[in-house]
Amino acid sequence: MLLDAPAEAVPDTARALLGVEVAANGVRIRLTEVEAYLGGGRDPASHADRGSTPRNGVMFGPPGFAYVYFVYGAHYCLNVVCGQEGDAAAVLLRAGEVVEGAELARQRRPTARTDWDLARGPANLVRSLAIGPEANGTSMVSGRGPLQLLPPSRPVDVGDVASGPRVGVAAAQDLPWRFWIAGDPTVSAYRRHVPRRRNKPGRPGPPAR
DNA sequence: GATGCGATTCACT
DNA sequence: GTGAATCGCATCG
């Protein structure tokens with residue numbers, strides 16, 4: 001796979017990952033929605049924009065490894081590291097269609113109303129695969145880790161690929177680095193970044209209307 | 001050393 | 001459509 005393409009080309013890599021399948025713990029998911037992130041001061045929205053830290057260090061390692069991070073105090077998200085070693089880039093796996101192990105995925109996602117919801121949204125995708133922080137830094141291409149990337153079993157029609165701004169990111173809203181399969185029912189609903197309200201104690205909030 | 005906010009989801013109105 | 005829950009990292013004093 002083209003995971004080792006130059007980091008700057010990560011949007012192309014993200015697009016190419018649509019249709020690719022991710023397998024873990026008895027569940028296989030066909031990717032329908034991804035987002036590209038670039039490090040090294042070229043993408044303010046990326047965890048790796050301001051250099052390597054203990055949290056994002058995996059992004060600076062070799063391509064094909066999993067970058068799993070914890071967000072909002074409750075959820076995990078899964079990225080595939082891209083680009084050459086030392087030049088950080090990654091693709092966030094946002095959503096997909098469960099093509100194998102739906103029974104297991106339903107047990108792991110009891111609140112899903114339909115099978116389309118099983119891996120709809122980045123944290124839901126992670127829960128369907130039953131992976132967690134222990135998967136951070138493991139290879140997704142060696143076949144020896146908990147996660148495995150597999151070539152598409154069904155090709156994606158290039159005419160069906162749509163792109164737009166990334167979901168929920170405050171910075172770089174002009175970059176169309178989110179890619180998805182148009183019309184696919186497993187693609188998560190777009191939500192623009194909502195500024196957090198900073199309610200200082202002792203000070204009145206914004207005037208109610 | 002303290003503080004603020006985020007690549008989200010779910011329940012409720 | 002909107003708000004709460006909740007942990008770690010980066011930033012600032």
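Small disclaimer: the values here were computed from a predicted structure and weren't measured.
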Round to the nearest Å and state the distance from [X] atom [atom1] to [N] atom [atom2].
{"X": "A:Arg50", "N": "B:dG6", "atom1": "CZ", "atom2": "C1'", "answer": "12 Å"}
{"X": "A:Arg191", "N": "C:dT2", "atom1": "CZ", "atom2": "P", "answer": "11 Å"}
{"X": "A:Glu33", "N": "B:dA7", "atom1": "CD", "atom2": "C1'", "answer": "11 Å"}
{"X": "A:Asn124", "N": "B:dA7", "atom1": "CG", "atom2": "C1'", "answer": "14 Å"}
{"X": "A:Tyr67", "N": "C:dC9", "atom1": "OH", "atom2": "P", "answer": "9 Å"}

Problem - Single hit among A:Gln173, A:Arg94, A:Glu35 for side-chain contact (heavy atoms from CB on, under 4.5 Å) with A:Arg166 - result: A:Glu35
Practice task
Kindly say whether, by distance alone, the side chain of A:Tyr69 makes a donor-acceptor pair under 3.5 Å with the base of B:dA7?
Solution key: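 Check passes, donor-acceptor contact within cut-off.
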Handout entry: Per A:Val71 side chain, nearest of listed nucleotides B:dT8, C:dC9, B:dA11
Key = B:dT8
Practice task
Would you mind telling me which of C:dA10, B:dT9, B:dA7 lies closest to the side-chain atoms of A:His75?
Solution key: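 Within the option list, the nearest is B:dT9.
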Problem - Cation-pi geometry met for A:Arg178 and A:Trp180 (6.0 Å, 45°) - result: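 Because its charged atom sits under 6.0 Å from the ring centre and within 45° of the axis, A:Arg178 does stack over A:Trp180.
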Handout entry: Salt bridge present between A:Asp87 and A:Arg42 (N-O < 4.0 angstrom)
Key =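 A:Arg42 and A:Asp87: salt-bridged.
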Strand partner of [N], provided both Watson-Crick or wobble distances fall under 3.5 Å:
{"N": "C:dG13", "answer": "none"}
{"N": "C:dG1", "answer": "B:dC12"}
{"N": "C:dT6", "answer": "none"}

Exercise for the section: Compare the ring of A:Tyr37 with the six-membered ring in the base of B:dA7 and state whether they stack (centres under 5.5 Å, planes under 30°). Expected result: yes
Practice task
Examine B:dC10: is either OP1 or OP2 under 4.0 Å from a nitrogen or oxygen in the side chain of A:Thr111? Give yes or no.
Solution key: yes
Problem - Whether A:Tyr76 and A:Phe70 hold their rings parallel, tilted or perpendicular, with breakpoints at 30° and 60° - result: tilted
